[in-house]
Each structure stands twice: as C-alpha cells, then as structure tokens.
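Right, one structure below, let's go through it.
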Number of protein chains: 2
Amino acid sequence: MGRIIENLNLSEQVTNELGRAIVAGEYSCESGLPTEAQLCEEYGISRTAVREAVKMLAAKGLISSRPRQGISVEQPSNWNLYDTSVLKWLLSSSPSLYVLKEFLQMRLAIEPEAAALAAEFGRDEDIDQIGKAVEAMKAAANDPSGSMHDADLAFHTSILFASGNRFFSHLRDFISTALNVSIQHTTPAKANDLAVADDHAKIYTAIRNRQPERARNLMKYLIDEAKTFIELEIKKQG
Amino acid sequence: MGRIIENLNLSEQVTNELGRAIVAGEYSCESGLPTEAQLCEEYGISRTAVREAVKMLAAKGLISSRPRQGISVEQPSNWNLYDTSVLKWLLSSSPSLYVLKEFLQMRLAIEPEAAALAAEFGRDEDIDQIGKAVEAMKAAANDPSGSMHDADLAFHTSILFASGNRFFSHLRDFISTALNVSIQHTTPAKANDLAVADDHAKIYTAIRNRQPERARNLMKYLIDEAKTFIELEIKKQG
DNA sequence: GGCAATTTGTACGTATGTATA
DNA sequence: GTATACATACGTACAAATTGC
C-alpha cells in the first residue's frame, strides 16, 4: 500500500509505548511507573533514551518525576487531551462510544461557531478550499473508492481554517484524529453518501453567501445527527 | 510575598527560555535554532540537558530535530496552543489584544455550551461548587482585597467541570492561563463588581434550575460583553 | 545525622544519517 | 555516484542533589 515507513527515533518509540500503556491504565495513578533503570532493562535501551521519553511524556502532562519519589502518573485531569498523541492513545484504548459522545458534544460547540466565523470573516480564497472539499465529496459519493473520508475531513478542517482564528484552526488535528477513529463506529449506510454530501454543500453555500446564522444552524444539524447516531449505538449496547 | 520557589529542574528552565524565545519570534521558521553544541555553550550546560529540553519542545510541537539538518522551528500552525506553557509564552509575547479577541471568540463557542451541558447533565455536588464561587464573588465585590479574580476564575472552571465532559473540563487551564493575562487589559471599573457578580449569579440559578437554554444564553451574553470591550480597546489603539 | 535509593546533571565516545563538495 | 564533514542519535560511566528511613 506504499505506506510510509514510520520515521520515529528510539525515544519517540518508547514515548509511544509508555504513553499508550499509561492511558490504557496499565500504570495507575498511585502505583507509579518503574524506575528509570527498570525501564532501561525492560526495553533494552540506554538511560538517555528513557529520560528523553520521560521528558516528552512529562511535557504532555501524563507523568512527573522527582528524585527519590520516582516517576508518577499524573491525574487524568492533567493530561493534555488536545495533544494529538494523547488523544490517539485515549481513543485506541478506552470504550470508545462514550468518548465519542463527549467528542461530539465538543464538536457541537466548536464547529457551528467556526462556520459562523468563516461566513462572517473568512477570506474568499479560504472559502474556495471549502468548496473544493465539497466537490471532492460529491465525486467520492459516485466513486466506489474510499476517498469520501478524506474529503469529509478536508471539509471540516477547511472550515476551521477559514474561521481565521488560530485557536479554532489548531483543532484540525484534534478533529482529524478523532474522526479517523469514529469512522470505525459509524459504519456508514453507503446509500446516503449523496444526501450527506448535499448537507455539506448547503453549509458551504451559506458560508459563501455570508450567512453566519444559517451556516451555524446547518452545521449544528449535521453534527447533531452524528451525535444522535452514537447515542443510539450506546443505547443498543448498554 | 511568600512566593513559592520555582521548583524547576535544569531542562525545564531551558525549555522555558527557549520556548519563550521561539514563540516571541527570536528564532524564525527558516533560520532554525543553534546547534546542540552552541546551546550548551550559550547556557553553560551539558548536552543531555539541552537534548531533554529539545525533546520537551518537540513534544509541544514547537520544534523538530533531524541529523545534519539541526533543530528547526515548526510552523506556528503546528504549535500546541492548548498546552498551558505554549499559551503562556504566546500571551506574554505577542500584541495581546488581537490574541485576546481570538481567545474570546473561542470562549464564546465553549462556555455557553458547557453551561448548557452542566444544566442538563451536571451532578448536584458539582453544581454546588458553582454556587460557592458565586458567593465568593459577591463577598469579593464588597471586599477591597483582590480576591474577585480568583472567584471569577473558580466560577468558570467549575462550570466546565460540571459539564461532565472531559474535553470541556480540561480547558480549565486554557481558560485560567488566558484569563490571568486578560485581567491586565480589562482594567475593571471596580464600581460594577456587584453587577458583574449578579450576572454570574443568574447563570448559576439557571443551571441549578436545570434550564439549559437559559444558561447558554446568559453565558453568551456575559462573554459577549467582554468581547465587545476588547473590540472597543482595539478600535481605540488601532 | 547518617545511610540508601533514585532521579538529576555531566562528560565523553561511537554510530547513524544527511547535506554538500 | 562517492567521499567527506557535520549534526544529531544513542550509549556508558560517574558525580551531585534530593528525600525517606
């Protein structure tokens, strides 16, 4: 599939392993982590690599280390959930439907407002990008290849970007990471692809026509449908 | 003033210095950073300390390092703005009024929705905490000591927490950090302290009475006033 | 106050990868 | 292409600081 070789150095690999394990709960908040020396032995690497990994995880708020006390896991409320790695570890480990619901509540706050800002202040060339994404979605709806996902993602990120607000546009990684996981659950009824693409197109039109309130409401509707779907799934399983 | 001694180890100090310098634009995206060896000399520390600092900054998305190429500054769009340190560096360096406006646009998306979620799903004991913050604000309005700020902050964070959604409640550090800076600009007309406390109390009442729509609208009103104030300041200076 | 355990900080050596001549 | 130089990547070893007993 021409997948690009993971270009991670040693400390980043260890960071990934430990980060995943911490988020998955393999190291509790009280028990703490093994000592540096033990980690060296466990992974068969030097202290330098372990220490760099520890520093990276500390920078993401997952752990803290003090002399004599060792390496301790921080409370989950201190974890930086808006770090792409942390979010990825979280979504790949925990019972995902509940996290997805929280995630959709978040999107319901962010994206309608971003759409409104894009309609009000967005630069024309940034709005063009939204249009391109819509066209790609329409094309993907007729095309059996699985390019719908990419186009969908491009649509949402281009709106965040068009908001002209760096706090919104930075959430593109947050949205993307979580969207990649949510795909697994929202087993799309392939039949409505055209209808879905049309819903997206309406939002684009509202932004293009500089109708903030309309863009906000249409986006609210779009995400609320996804949220309702997840809530139904939870009810089925629960 | 009994200020607690900064308990930062060496690599964290260097991280702070370099992080601030990068965000302030002292190292551009093209020019890159000095080599490890040069940084060692500049700060009079070992390479290990420098490397750990580099890893922490890389974990926050500010830089990346590759052999032969050296340490390069990442594009600002890749910086993790929701990292408390990064946000602090950003707010302390750049022309803050514009950043504050973007920040308030963000709060306008988040906090009304959080208030609605708190009203709909919030646990009673979490809502009690909002009430306590309101009482503290009322007390501070009559008290000349500067405890209003702390109470204000407690109010907003307690609502985020009461939302029961980890993505919202994690933004408490984001809100707090930025609120600390915004205080410098919003030179409060001390006379309306009571009126302000009353606006906050209304939101609490709506949440307590389980009125999501009302809580959402009141919060929207509260933050929109602050945003209007900042926009006026920008117009004055511009 | 002394002792032991553990992280913190330093020093230096080798390996690897990557631009440039 | 090949070689070379240079910067980071990785490893080992040891001294210092901190903290619990």
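Predicted model only: the values in this text are computed from it and were never measured. By convention in this document, chain letters (A, B, ...) are assigned in the order of the sequence lines, proteins followed by strands, and residues within each chain are numbered from 1.
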Of the listed nucleotides C/dG9, D/dT8, D/dC10, the one nearest the side chain of B/L10: C/dG9

Base C/dG9 paired with B/T48 side chain (donor-acceptor, <3.5 Å): no

A/E26 with A/R20: basic N within carboxylate O range, under 4.0 Å: yes

Nucleotide C/dT7, atom P - distance to CD of B/E12 in whole Å: 15 Å

Whole-Å gap separating P (D/dA7) and CD1 (B/I63): 17 Å

Sugar-phosphate only, base, or nothing, as touched by A/E36 at under 4.0 Å among non-hydrogen atoms: base

Distance-only side-chain donor-acceptor flag, A/N180 / A/H149, under 3.5 Å: yes

Side-chain donor-acceptor pair present, B/T15, B/E12, cut-off under 3.5 Å: no

Donor-acceptor pair (no angle test) under 3.5 Å: B/R66 side chain, C/dT16 base: no

Distance in angstrom units between B/L39 CG and D/dA7 P, rounded: 12 Å

Nucleotide C/dT10, atom C1' - distance to CD of A/E52 in whole Å: 15 Å

Distance-only donor-acceptor test (3.5 Å): side chain B/R47, base C/dG9: no

Whether A/D152 side chain and A/M148 backbone form a donor-acceptor pair below 3.5 Å: no

Heavy-atom pair with the smallest gap, counting every atom of B/V54 and B/I63: O-CD1, 3.5 Å

Options C/dT7, C/dT18, C/dT10, nucleotide nearest the side-chain atoms of B/R68: C/dT18

Spacing between A/Q69 atom CD and D/dA17 atom C1', to the nearest angstrom: 15 Å

Counterpart base for C/dG13, defined by Watson-Crick or G-U wobble contacts under 3.5 Å: D/dC10

A/Y43 OH to D/dC10 P, straight-line distance once rounded to whole Å: 15 Å

Closest-nucleotide 5' rank along DNA chain D - winner of A/I45 and A/P67: A/I45

Rounded distance (Å) that lies between atom P of D/dT8 and atom NZ of B/K55: 11 Å

Candidates C/dA19, D/dG11, C/dT7 - which lies nearest the side chain of A/S46: D/dG11

Spacing of A/N9 atom CG relative to D/dA7 atom P, expressed in whole Å: 19 Å

Candidates D/dA9, D/dG11, C/dT20 - which lies nearest the side chain of A/A49: D/dG11

Minimum-distance nucleotide (side-chain atoms of A/S65 versus D/dC10, C/dG9, C/dT8): C/dT8

